[in-house]
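Residue numbers begin at 1 in each chain, while the letters A, B, ... track the order of the sequences. What you see below is based on every heavy atom in this structure, not just the backbone, and it leaves out hydrogens, waters and symmetry mates.
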Amino acid sequence: MSLQVYSTLSRKKEPFETIEPKRVRLYVCGPTVYDKAHVGHAMSALVFDIIRRYLQYRGYEVKHVMNYTDVDDKIINRANKLGCDPFELAETYIQQYAQHLKDLNILPATVNPRATREMDEILKLISDLIAKGYAYEAGGDVYYRVEKKADYGKLSGRKLDDMRAGARIEVDERKENPLDFALWKAAKEGEPAWDSPWGKGRPGWHIECSAMSGAHLGEQIDIHGGGNDLIFPHHENEIAQSEAHTGKQFARYWIHNGMLQLSGEKMSKSLGNLITIEDFLASHPADALRLMVLNSGYRNPLTFNDEVIGQAEKALERLQSALKPAAPGAAGISPEALKALDEQTTTTRAGFESSMDDDFNSAGALGYLFELVRVINQARADGATDEQLKSAQDVLEELSGVLGLRLRLEKESHAADAFVDLLVEVRQDVRQAKLWELSDKIRDRLAAMGVQVEDAKSGSTWFWK
RNA sequence: GGCGACGUGGCCAAGUGGGAAGGCAAGGGUCUGCAAAACCCUGAUCACGGGUUCAAAUCCCGUCGUCGCCUCCA
């Protein structure tokens, strides 16, 4: 079975076929940079990182574009409030966000365009939409004419008539239809502004993505992604703009991640219930968050609280447990047992792939990895040598890596390793002499310094915790 | 009000017509000087009520509950 991908547009899984063989054009909506990013942003970035890594594992070359919205009402308001320059404010948060992505082991996008640096493309696109009759100028603003396009609403499953009925939209008599949305906003005094055929102003939110996607990935792309809160109006409007412009289908697959839930509610700035990425990383490993994301379907809401964070951290340790070295003095396991271990690695890879092929079912894939963990640990408990464990451990590490997990973390500096070795060796003599108090003291003190010592029948192993 | 999801053991969660994965927690056991780790064993009438089917957690209808979007939002 080949890769199946669920698309919001068709509301079903479809076979994944790219425009160009073995190449994927991926556009993911990035953040509006006016404040610290929270773990919900991280979830979305992680979801698409996992998708990207798996596509690469499957042999696709992925061109990944993630934009920064660096000019917008919220940025301007915030800058005014703080009395700083809006561009500097945006720059600060862009740098911070890029660092978060790095900390979270998220592969850098191929391109990170910014709205303010793509103004020519944006202006060209708006002009073309006006020329084609899909947009109109009104008092320095430019609006998209939603009624001009018959299939407006196809992504979110809405009809114009229904929307108007329960509309919570402010009335603006400059608009022909209250649902028309701004492509260009006339600048007010003191606001950042660019010259345009309609006077000084700045782009609306939706147009930048259409322009940047077109500029960096071409008229048609394979995957457009983002949080499911962007389906309407943002992505709906992107489709309208791009398809009105090119007359072609914009994105083949629309992939949307579910919202992270904090105490039963979506985490969002307006609700004020957010946990920043900074706060999270201050007290938890990055992979714990990744594991939480992996452990559930990316389209479903993700439960986020202290309990599940703790569960994820423990689960991470379990994955890592399989990479521990053989017991000291291991005698080796039988050829039959070794064969069973090899067979399990084959089963694991097959199961991993078939799960991930099914719309990136990472929770299913993880299940197979845990099975391999169990079998590796069984083999070690039965006396397998490092040599015998190696190929299974390599597969576990490789497949975990496909999910973006780093099981072998570089912990403390290696400078102290030789001293720890010495201490553990001396302690071994102490144990032989049955000086248990001293032996336990060494172990406790090492533990306090972050060294976990584990005793076995014929010796001890240790590692940085 | 409109549109759309979801409800699986104490917790998280996969599975979506025919054997209920996996992780965490809990209890019991093996190993061990002790500890830790690891290993072994133990648990689910799949929200509720109808219906379709030889067969339903999985399809259909209804009820209840939770959540998202419809305004900025990953």
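- Taking 4.0 angstrom as the limit, A:Thr303 places a side-chain polar atom (N or O) nearer than this to OP1 or OP2 of B:A13.
- The aromatic ring of A:Tyr368 does not sit over the base of B:G22; the criterion of centres under 5.5 Å apart with planes under 30° is not met.
- Residues A:Val373 and A:Ser296 each lie close to RNA chain B; by heavy-atom proximity, the contact nearer the 5' end of the strand is made by A:Ser296.
- Counting to the nearest Å, the P atom of B:A13 and the OH atom of A:Tyr298 are 17 Å from each other.
- Under 4.0 Å is where a charged nitrogen must lie from a carboxylate oxygen, and between A:Glu236 and A:Arg158 no such pair does.
- Using N1 to N3 plus N6-O4 or O6-N4 for Watson-Crick, or N1-O2 and O6-N3 for G-U wobble, each under 3.5 Å, B:C31 pairs with nothing.
- Comparing B:A13, B:C67, B:C34 by their nearest atom to the side chain of A:Arg443 picks out B:C34.
- Spacing of C1' atoms, B:G65 relative to B:C24, comes out at 26 Å, to the nearest Å.
- Under 4.0 Å is where a charged nitrogen must lie from a carboxylate oxygen, and between A:Arg380 and A:Asp386 no such pair does.
- Using a 4.0 Å heavy-atom cutoff across all strands shown, A:Ala315 reaches sugar-phosphate atoms only and no base atom.
- Between A:Asn305 and B:C11 there is no side-chain polar atom (N or O) within less than 4.0 angstrom of OP1 or OP2.
- Backbone-only contact: A:Asn361 has heavy atoms under 4.0 Å from sugar-phosphate atoms and none from a base.
- A:Lys434 comes within 4.0 angstrom of no nucleic acid atom, judged by non-hydrogen atoms across all strands.
- Ranking B:G33, B:A74, B:A25 by closeness to the A:Lys314 side chain, first place goes to B:A25.
- If you find the closest nucleotide of RNA chain B to A:Phe232 and to A:Gln452, the one lying nearer the 5' end belongs to A:Gln452.
- Comparing the C1' positions of B:C31 and B:G15 gives a spacing of 36 Å, expressed to the nearest Å.
- Among the protein residues, A:Leu230 comes within range of the sugar-phosphate backbone only, with heavy atoms under 4.0 Å from sugar or phosphate atoms but none that close to a base.
- A:Arg318 forms no cation-pi arrangement with A:Phe370, by the criterion of a distance under 6.0 Å to the ring centre and an angle within 45° of the ring axis.
- Looking at A:Lys175 and A:Asp141, no side-chain N of the basic residue comes within less than 4.0 Å of a carboxylate O on the acidic one, giving no salt bridge.
- Side-chain atoms of A:Thr32 and A:Asp72 form no donor-acceptor pair, as typed in the model, at a separation below 3.5 Å.
- Taking 4.0 angstrom as the limit, A:Arg318 places a side-chain polar atom (N or O) nearer than this to OP1 or OP2 of B:G23.
- A:Glu313 comes within 4.0 angstrom of nothing in the nucleic acid, heavy atoms only.
- Counting to the nearest Å, the C1' atom of B:U71 and the NZ atom of A:Lys175 are 11 Å from each other.
- Taking every side-chain heavy atom of A:Asn257 into account, B:A74 is the closest of B:G68, B:A14, B:A74.
- With a cut-off of 3.5 Å on both Watson-Crick or G-U wobble distances, the partner of B:G17 is given as none.
- The separation between A:Arg11 atom CZ and B:C69 atom C1' is 11 Å, rounded to whole Å.
- Within the 4.0 angstrom heavy-atom criterion, only backbone atoms of the sugar-phosphate kind lie near A:Arg374; the bases stay farther away.
- Among the nucleotides B:G23, B:A21, B:A74, the one closest to any side-chain atom of A:Gln311 is B:G23.
- Within 4.0 Å of A:Ser156, counting heavy atoms only, lie sugar-phosphate atoms of the nucleic acid but no base atom.
- The phosphate of B:C39 (OP1 or OP2) has a side-chain N or O of A:Asn377 nearer than 4.0 angstrom.
- Base pairing of B:G10 is made with B:C24, judged by Watson-Crick or G-U wobble geometry with both donor-acceptor distances under 3.5 Å.
- Looking at the side chain of A:Phe370, the nearest of the listed nucleotides B:G23, B:C69, B:A14 is B:G23.
- Taking atom CZ of A:Arg427 as the reference point, atom P of B:A35 lies 14 Å away to the nearest angstrom.
- Residue-to-nucleotide contacts include no donor-acceptor pair under 3.5 Å from the side chain of A:Asp382 to the base of B:C39.
- The separation between A:Leu316 atom CG and B:C12 atom P is 20 Å, rounded to whole Å.
- Side-chain proximity of A:Ser321 to B:C34, B:C11, B:A38: nearest is B:A38.
- In terms of phosphate contacts, A:Arg299 brings no side-chain nitrogen or oxygen within less than 4.0 Å of OP1 or OP2 of B:C67.
- Using a cut-off of 4.0 Å between Lys/Arg side-chain N and Asp/Glu carboxylate O, A:Lys339 and A:Glu343 are scored as salt-bridged.
- The side chain of A:Gln378 contributes an N or O atom lying less than 4.0 Å from OP1 or OP2 of B:C40.
- Between B:A21 and B:U42, the distance separating the two P atoms is 12 Å to the nearest Å.
- Using the Watson-Crick or G-U wobble rule with both distances under 3.5 Å, B:U53 pairs with nothing in any strand shown.
- Between A:Asn295 atom CG and B:G15 atom C1' the separation is 14 Å, expressed in whole Å.
- Checking B:G4 for Watson-Crick or G-U wobble geometry (two distances, each under 3.5 Å) identifies B:C67 as its partner.
- Checked by atom type, the side-chain pair A:Asn67/A:Glu208 shows a donor-acceptor distance below 3.5 Å.
- For the P atoms, the distance from B:C61 to B:U52 is 15 Å, rounded to whole Å.
- If you measure from atom CD of A:Gln432 to atom C1' of B:C34, you get 16 Å, rounded to the nearest angstrom.
- Within 6.0 Å of the CG atom in A:Asp151, the count of heavy atoms belonging to other residues, nucleotides or ligands exceeds 12.
- Between the side chain of A:Asn228 and the base of B:G4, no donor-acceptor pair under 3.5 Å is found.
- Here B:C6 is the nucleotide among B:C12, B:A74, B:C6 with the atom lying nearest to any side-chain atom of A:Asn300.
- Nucleotides B:G68 and B:A35 are separated by 48 Å at their P atoms, to the nearest Å.
- Taking the side chain of A:Asp440 as heavy atoms from C-beta on, and the options B:A13, B:A37, B:C34, the nearest nucleotide is B:C34.
- When heavy atoms are screened at a 4.0 angstrom cut-off, A:Gly225 is found touching no nucleic acid atom at all.
- Going from atom CG of A:Leu291 over to atom P of B:G22 covers 16 Å, rounded to whole Å.
- If you check the side chains of A:Glu397 and A:Gln393, you find no donor sitting under 3.5 Å from an acceptor.
- Comparing atom distances between the A:Arg158 side chain and each of B:A38, B:C70, B:A74 picks out B:C70 as nearest.
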